[in-house]
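Some notes on the structure that comes next.
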Amino acid sequence: MPSAVRFGVNYTPSEGWFHHWLDFDPDSVRADLDSIAALGLDHIRVFPLWPYFQPNRTLIRGRAVEHLVELVDAAAERGLDVNVDGLQGHLSSFDFLPAWTRTWHRRNLFTDPDVLDGQAAYLRALAAALADRPNFLGMTLGNEVNQFSAGPHPDPDRATEDDIDRWLTRMLAACEEGAPGRLHLHAEYDATWYQDDQPFTPGQAARHGAVTAVHSWVFNGTAQRHGRASVPSEHHAAYLIELSKAWADDPHRPVWLQEVGAPAPLVPPEHAAAFTEATVANALDCPGLWGITWWCSHDVSRDLADFPDLEYGLGLLTNDRTPKDTARVLERAARATPRTPEPRTTALIVPADPVRRSLCAPGGPVFDAFFRLTADGARPTTVLDTRADDPAHLSARGITEVVAPDQVLPTPQGGTRS
């Protein structure tokens, strides 16, 4: 764990979005990084688009890799560390998969031997190119790659949990071979925690890689059901952080809130700062938090077509690099004196045999019970039922009370324990 929680941002270029890799402009990138560093943030997460960097299975474009190194060096000049996502993958509703995996060359992303060889070579190459940069944090395998493995994706690459376990092991090993000893991880969207038929599982998320990553978006039904200023919406990120701990073998495994944002219109622009302040404060109340990386740095230009409307205004800064109120909220948090949160002593039981992730999804009994306890001031965490009577595990996490979801009864005041 770092000595203090890290604060950063997912870097969305102000000019050209992630298509900027096609006509890389180092001056524009430096100006963007200046506007990020001015907020007192300490790291960025960057997104090479996979088809631009590896257009053929046996061709990794050297010039594209040079541009990535140039970006990382520019970040270092501004005191910013860098995490690099490899297999892009999926971003802001668009899929970016190389032609050698689709249509006439349709091959499974998670099981085809040739595809796996190509992916491993690519991840290894990116990591190796940055291995000697002190500000290179490490690799994330890809952005929410699990969305390719099941519905609601319209053309999923079906795989079993064992297939995914092997895939994760091999891809993380490739990153480690390229850059030994760095913070390599994988990151999935919340279907991993909420969707029963997802082959990417909570256990894998809490076991593979150096940290557990969670991505919190209240457009998943939370804000629709409860409203923007509700306990569930303002604590959703904290819930995912604490929910992830149920599956961690290491009671002190760090958790990275790697994506979180204020999506309009569910969170209107005039309320985005208040939502940001509450979300950050509640996440900081979670022990074991590695960092918070906001989505995203700069708005998407309205000159670009076909994005979902919410994507255009998620930036902390406008396209002309002007900070918004949300930026000032994150800046204050980043510059504040660090504090260590107290352990969460009340744990909500999560059924583990079988694991029914839908119980933890918005509207499920674990989800609802967690927020009833939260409304009652209990500061809950979670624990698997298989560990609920393990004194050593509970003690290591500071847990002194274990509660089943059906013991948490709703009241007009928002919830209390029976």
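Basis for what follows: all heavy atoms, side chains included, without hydrogens, waters or symmetry-related copies.
Less than 6.0 angstrom separates the ring centroid of Phe47 from the ring centroid of Trp295. Aromatic rings from Phe53 and Phe96 are positioned such that their centres are separated by 6.0 Å or more.
Residues Asn143 and Gln88 approach most closely at CB-OE1, 3.0 Å, considering heavy atoms. The two residues Ala75 and Leu33 come nearest to each other via the heavy atoms N-CD1, 3.6 Å. Of all the heavy atoms in Ala272 and Ala262, the pair that sits closest is CB-CB, 4.0 Å. Summarising the geometry of Asp85 relative to Gly142, their closest heavy-atom pair is OD2-C, 3.3 Å, with the distance given to 0.1 Å. What you find for Asn83 and Gly138 is that their closest heavy atoms are ND2-O, 3.0 Å. The nearest pair of heavy atoms linking Ser244 to Val214 is CB-CG1, 4.2 Å.
Between atom CG of residue Leu185 and atom CG of residue Leu141 there is a gap of 7.0 Å, rounded to the nearest 0.5 Å. Remark: Phe136 CZ to Leu130 CG distance equals 5.0 Å, nearest 0.5 Å. Taken from CZ in Arg372 to CZ in Phe367, the straight-line distance is 11.0 Å, to the nearest 0.5 Å. Between the CD atom in Gln204 and the OG1 atom in Thr192 there is a gap of 8.0 Å [rounded to 0.5 Å]. Distance check: Glu311 CD to Thr12 OG1 gives 8.5 Å after rounding to the nearest 0.5 Å. The distance from atom CG of Leu316 to atom OG1 of Thr322, rounded to the nearest 0.5 Å, is 13.0 Å.
When side chains are defined from C-beta on, Phe18 does not count as touching Phe94, because their heavy atoms never get closer than 4.5 Å. Inter-residue side-chain proximity for Asp81 and Asp42 is flagged as unmet; no heavy-atom pair is nearer than 4.5 Å. By the 4.5 Å heavy-atom criterion applied to side chains, Arg158 and Thr111 are not counted as neighbours. A 4.5 Å side-chain heavy-atom check between Tyr239 and Pro232 finds every atom pair outside the cut-off. Looking at heavy atoms from C-beta onward, Met139 lies out of side-chain contact with Arg182 at the 4.5 angstrom threshold. Trp247 has its side chain within reach of Val350: a pair of non-hydrogen atoms, C-beta onward, lies under 4.5 Å apart. Annotation: side chain of Leu109 is not in contact with side chain of Trp167 (no heavy-atom distance under 4.5 Å). Here the side chains of Tyr189 and Asn220 are not in contact, with every heavy-atom distance at 4.5 Å or above.
If you check the side chains of Asp32 and Ser35, you find no donor sitting under 3.5 Å from an acceptor. One side chain, Asp165 or His208, offers a donor N or O that lies under 3.5 Å from an acceptor on the other. Residues Thr346 and Glu401 bring a donor and an acceptor atom of their side chains to less than 3.5 Å of each other. When only modelled atom types and interatomic distance are considered, Ser233 and His226 share no side-chain donor-acceptor pair under 3.5 Å. Residues Asp162 and Thr160 have side chains that never bring a donor and an acceptor to within less than 3.5 angstrom of each other. There is no side-chain donor-acceptor pair under 3.5 Å between Thr201 and Glu161. Between the side chains of Thr140 and Arg45, no donor-acceptor pair of N or O atoms lies under 3.5 Å.
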Subject >> Trace of the side chain to side chain contact (heavy atoms under 4.5 Å, CB included) decision for Leu284 with Val280 >> reply: CA-CA 6 Å; Leu284 290 174; Val280 169; 3.8 Å; yes

Subject >> side chain to side chain contact (heavy atoms under 4.5 Å, CB included) between Ser216 and Leu257, intermediate numbers included >> reply: CA-CA 8 Å; Ser216 172; Leu257 179 55; 4.1 Å; yes

Subject >> Test salt bridge (Lys or Arg N to Asp or Glu O under 4.0 Å) applied to Asp117 and Arg170, step by step >> reply: CA-CA 10 Å; Asp117 286 346; Arg170 181 170 181 189; 2.6 Å; yes

Original post:
Under the side chain to side chain donor-acceptor pair (under 3.5 Å) criterion, do His215 and Gln258 qualify, and how do the steps go?
Top reply: CA-CA 6 Å; His215 291 188; Gln258 196 185 45; 2.9 Å; yes

Subject >> Test side chain to side chain contact (heavy atoms under 4.5 Å, CB included) applied to Trp17 and Ser92, step by step >> reply: CA-CA 11 Å; Trp17 193 63; Ser92 302; 3.7 Å; yes

Original post:
When you look at Thr326 and Phe275, which way does the side chain to side chain contact (heavy atoms under 4.5 Å, CB included) test go after all the steps?
Top reply: CA-CA 9 Å; Thr326 49; Phe275 174 85; over 6 Å; no

**OP:** Show the numbers, then the answer: is there a salt bridge (Lys or Arg N to Asp or Glu O under 4.0 Å) between Arg328 and Glu277?
**Re:** CA-CA 10 Å; Arg328 296 308 182 196; Glu277 187 167 23; over 6 Å; no

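A donor-acceptor distance shorter than 3.5 angstrom exists from the side chain of Gln407 to the backbone of Ala404, with no hydrogens or angles considered. Looking only at distances, a side-chain donor or acceptor of Gln54 sits under 3.5 Å from a matching main-chain atom of Gly118. When atom types are taken as modelled, the side chain of His105 and the backbone of Pro98 share no donor-acceptor pair closer than 3.5 angstrom. One N or O on the side chain of Gln224 and one on the backbone of Phe219 form a donor-acceptor pair closer than 3.5 Å. A distance-only check finds a donor-acceptor pair linking the side chain of Asn135 to the backbone of Val72 [under 3.5 Å]. Side-chain N or O atoms of Arg344 include none that pairs as donor or acceptor with a backbone N or O of Pro287 at under 3.5 Å. Listed for the Arg124 side chain is no donor-acceptor partner under 3.5 Å among the backbone atoms of Ala173. Distance alone, capped at 3.5 Å, is enough to place a donor-acceptor pair between the Asp112 side chain and the Asp114 backbone. Arg133 places no side-chain N or O within donor-acceptor distance of the main-chain N or O of Val69, the cut-off being under 3.5 Å. The closest donor-acceptor contact from the side chain of Asp196 to the backbone of Ser358 lies under 3.5 Å.
Under a 4.0 Å N-O distance rule, the pair Asp190/Arg357 does not qualify as a salt bridge.
Tested against Asp249, the residues His393, Arg207, Arg387 include a single side-chain hydrogen bond (donor to acceptor under 3.5 Å, both in side chains) partner, Arg387.
Applying the side-chain hydrogen bond (donor to acceptor under 3.5 Å, both in side chains) criterion to Trp256, with sequence neighbours excluded, gives Thr293.
Environment of CD in Glu270: crowded, with over 12 heavy atoms of neighbouring residues, nucleotides or ligands closer than 6.0 Å. In the displayed structure, Asp155 atom CG is contacted under 6.0 Å by more than 12 heavy atoms of other residues, nucleotides or ligands. Other residues, nucleotides and ligands place no more than 12 heavy atoms under 6.0 Å from the CG atom of Asp325.
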